[in-house]
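Remarks on the structure that follows.
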Amino acid sequence: MTKKVFHADPARSFSKRGITLSNEKLPKGIATDAKSAVMRPSLLESAFPYADVSRLVAADRRSRDGAYSAHRWFARRPAALLRSLLLAAALPAEASIEELWSTYRQPVEWLRGKKVHDPFLGGGTTLIEASRLGADCIGGDIDPLAVLMARHASNPPTRSEFRESADALIDHLKAQIGHLYPYREATLPLHTFSIALVTCNTCELEAPLYRNPIISRGVDKQGSVARPLGSTVFCPQCFQVHELPVSADDFACCGSVWRLDEGTFAGAFFVCPGCGAKSTHRDLKTGIAPRVRVAVEETGPQGRRFRSADHREIDMEAEARAFLLANWRKMDLPNAEFPSDRTDARPVTFGILSYRQLFSDRQLALFGVAFNWIQNQNLNASTDRALRLAVSNALATNNRLCGYAHEYGRLAALFSVRGYSLPTLAVELNALHPTAGRGTIPRVVERIMASLSRETRRYVFEENPHIFGSERIAKMATLEFPRSQNVSVDVVSADSDARREPDYGDVDLILTDPPYFDYIAYDELSAFYRAWLVNSDLAAKPLHPPATGDRVKEFGTRLGRALWIAASRLKPTGLLAFTYHSSNPDAWSAVGIALDEAALRVTALWPVLTDPHMGHHGKKGSCEHDLVVVARPSLIAHSGPAPFEGTDDPAEAWVADAARVLQLGEADRMNLRLAYETCSPRWGVLDVP
């Protein structure tokens, strides 16, 4: 029986002299000019402090880091995890945990002279954190939006040149379409609310679709916009706005009493008020149904206030349509339709067939004018990228599928729940409002400005920590990170031999987060933004399991091919590590196929918190922890015993050991068990010559 420890322990098998490898012992595909290389086990393989890292991830979840503010991405790994992994991979096995946290809290280029590669770039966290540590970085992705974001992070404009161009863009938008957001008695519109008018397929009655008549509810909730207590509601018959006290459960209008907890839509069905027939969004094509504007929220000297929508909104809609028809040839508008083979049938099931249908005429005018102006300004590459990202980031808050968090008084952006959802009460933002609103053009410009700062606030561990039990105490610190200028990214496919390759054998660390077997189809969500970009096509077929055939084998083989190509770039002393999670046995079976296909041996396996759920973003029963799989090519790391091998149930013993310091739900316990069962037959230790 092996020593009963949770972590992989290859370093305990060797002296500190390291391991010398000759060229003859190198795995196929790895080239080196050196006659020999000295290999030492890393701290990442011997004693990675996964519990401490999980605490940093949890503490950091609400911190602000400007480097990640330029544009929305759907599945970024926590920056605290990536910085910890990078440093632990560079430190020798005999380094202390205190050394790791000492280097972590110092904004020093500890990885100067090292090369880090991420073949599945995504949100770019690996390259951003590695460049802050001074590493030379290379990365790629099939998604041009991911590459655009990474290029901005690695080669941004100066603050002054971006500010000058951004101010010129805002002035141009005000001159061209400012009249579509008219003032009214010294007040400025902020939000315009509307509901769909749908026609019952049974009795052909046209009726409003709404869950309840509430527009806004001031309940003095923490984090909400300051406003009077009480509810703002609309009459479902005449659509006039009423202000009600906190205690109100109903109100009278048009000869009827309307309850605040009732509407025509409940669960997933519209119930016709005429015949009682039930219909879905698919039946009603709700996404393209005519809409009636019910209210406007304005800002002015007295703060925010609501009023009923009137002829001004109808006039504005007609004016926006006329402007669009007169100027569409001079605008950069999306032409793509939604493909029929989407993983998520929405929003096609709402009746929305093209990306253009996701936007009102006023919103199309806004983005058409903005992107066309950028295209024609002959800006330098870094400023052009930054402006495109700013305007692109505003797409999610300026479209016809935005809702309203009525207890907080804020717009709810599209993809707040990582998918196309259709709000019953839609809200259109005044995208040019100078001081208020979530996702206005001035606000997204400020997000880009924040991304240009090297200073950020992150949690670190105390230099002389007070230890209570085994827990270190994290504190917020302000760090000013350097930025490496040697970062190369491209739009490439991770599993294609046809890609542009850097020189083999010069990479110290492959650190990546590949697509998951049963993950959300993020490439489909990204297409919402890419529809507005020049050269927006994906570089290759996304790494999804196929709809038919041997889904596990095909996914595992393609992932293994990508890992093999990545590993071929490693130095003989290099490491490959990736994060992964799933409570689906097929997903981990695919990982096993990938490890075999790439000829990799697992030298460490660590659970770490990556997705601490907050509010409605969490999903009961989903995984909150990832597994960090650390591997080396099989001709360097030979077969060896896994942790807890020889016990009655080694997988359960491994999970139980992790559960002593991590809070594991049922899905995560299954996730860890499947990971162990997949990796233990492929466990490896470094070859001793």
Side-chain angles (χ1 to χ4, degrees), residues 70-75 118-124 127 138-154 331-348 352-359 364 367-368 370-372 374-376 381 384-396 399 414-415 418-420 488-501 512-515 519-547 554-555 558-559 561-562 565:
H71 199 283
R72 167 75 181 275
W73 192 252
F74 303 102
D118 184 352
F120 296 100
L121 184 61
L127 298 195
I138 54 175
D141 204 285
I142 66 170
D143 192 324
L145 176 61
V147 172
L148 188 69
M149 291 162 53
R151 287 176 176 166
H152 167 75
S154 60
M331 297 182 185
D332 294 340
L333 299 174
N335 294 313
E337 295 187 350
F338 288 98
S340 59
D341 58 347
R342 289 170 54 83
T343 302
D344 184 353
R346 299 171 301 173
V348 175
I352 298 172
L353 303 180
S354 69
Y355 289 97
R356 195 178 294 191
Q357 288 179 307
L358 289 169
F359 302 90
L364 288 171
F367 292 115
F371 282 117
N372 181 262
I374 296 170
Q375 181 72 19
N376 292 307
D384 182 277
R385 272 195 303 267
L387 282 174
R388 288 185 186 278
L389 285 173
V391 177
S392 176
N393 208 21
L395 290 167
N399 62 79
L414 180 61
F415 304 139
R418 298 180 183 177
Y420 283 97
S488 173
V489 293
D490 207 349
V491 182
V492 290
S493 172
D495 65 341
S496 170
D497 284 329
R499 63 186 300 171
R500 257 188 303 178
E501 301 279 10
T512 192
D513 179 47
Y519 80 132
I520 298 171
Y522 292 120
D523 55 281
E524 294 181 358
L525 303 185
S526 170
F528 168 78
Y529 299 102
R530 287 188 283 106
W532 291 86
L533 295 179
V534 179
N535 301 322
S536 62
D537 293 337
L538 296 176
K541 178 183 176 183
L543 183 52
H544 294 173
E554 181 168 337
F555 181 87
R558 286 192 64 195
L559 176 58
R561 179 180 179 81
I565 293 171

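Note that the structure is a prediction, hence the values are computed from the model and not measured. Residues: numbered from 1 along the sequence shown.
Taking the side chain as every heavy atom from C-beta outward, V391 and F367 approach each other to under 4.5 Å. By the 4.5 Å heavy-atom criterion applied to side chains, L145 and L389 are counted as neighbours.
The distance from atom NE2 of H152 to atom CG of L387, rounded to the nearest 0.5 Å, is 10.0 Å. Rounded to the nearest 0.5 angstrom, L333 CG and N372 CG are separated by 9.0 Å. Between the OH atom in Y529 and the CH2 atom in W73 there is a gap of 10.0 Å [rounded to 0.5 Å]. Between the CZ atom in R561 and the CG atom in L543 there is a gap of 12.5 Å [rounded to 0.5 Å]. Rounding to the nearest 0.5 Å gives a distance of 10.5 Å between CG of L358 and CG of L353. Distance CG/L364 to CD/Q357: 10.5 Å, rounded to 0.5 Å.
The minimum heavy-atom distance between L559 and P514, with the atom names listed, is CD1-CB, 3.7 Å. For the pair A521 and H544, the tightest heavy-atom approach, listed with the atom from each and the gap, is CB-CE1, 4.0 Å. Closest non-hydrogen pair, R346 versus G419, comes out as NH2-CA, 4.1 Å. Considering all non-hydrogen atoms of both residues, P515 and F555 come closest at O-CZ, 3.4 Å. Looking at every heavy atom in both residues, F74 comes nearest to S526 through CE1-N, 3.6 Å. The minimum heavy-atom distance between E524 and D344, with the atom names listed, is OE1-N, 3.3 Å.
Distance alone, capped at 3.5 Å, is enough to place a donor-acceptor pair between the D141 side chain and the G122 backbone. Formation of a donor-acceptor pair under 3.5 Å by the S154 side chain with backbone atoms of A150 is found in this model. Panel note: side chain R558, backbone P542; a donor-acceptor pair is recorded below 3.5 Å.
Between the side chains of R72 and N393, not a single donor N or O lies within less than 3.5 Å of an accepting N or O. There is no side-chain donor-acceptor pair under 3.5 Å between R388 and S392.
With sequence neighbours excluded, the residues forming a side chain to side chain contact (heavy atoms under 4.5 Å, CB included) with E554 are K541, P546, listed by chain and number.
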- Verify side chain to side chain contact (heavy atoms under 4.5 Å, CB included) between L121 and M149, making sure each step is shown before the conclusion. CA-CA 10 Å; L121 184 61; M149 291 162 53; over 6 Å; no
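The ring of F359 has its center closer than 6.0 angstrom to the ring center of F528.
Ring pair F338/Y420 is perpendicular by interplanar angle, where above 60° counts as perpendicular and below 30° as parallel.
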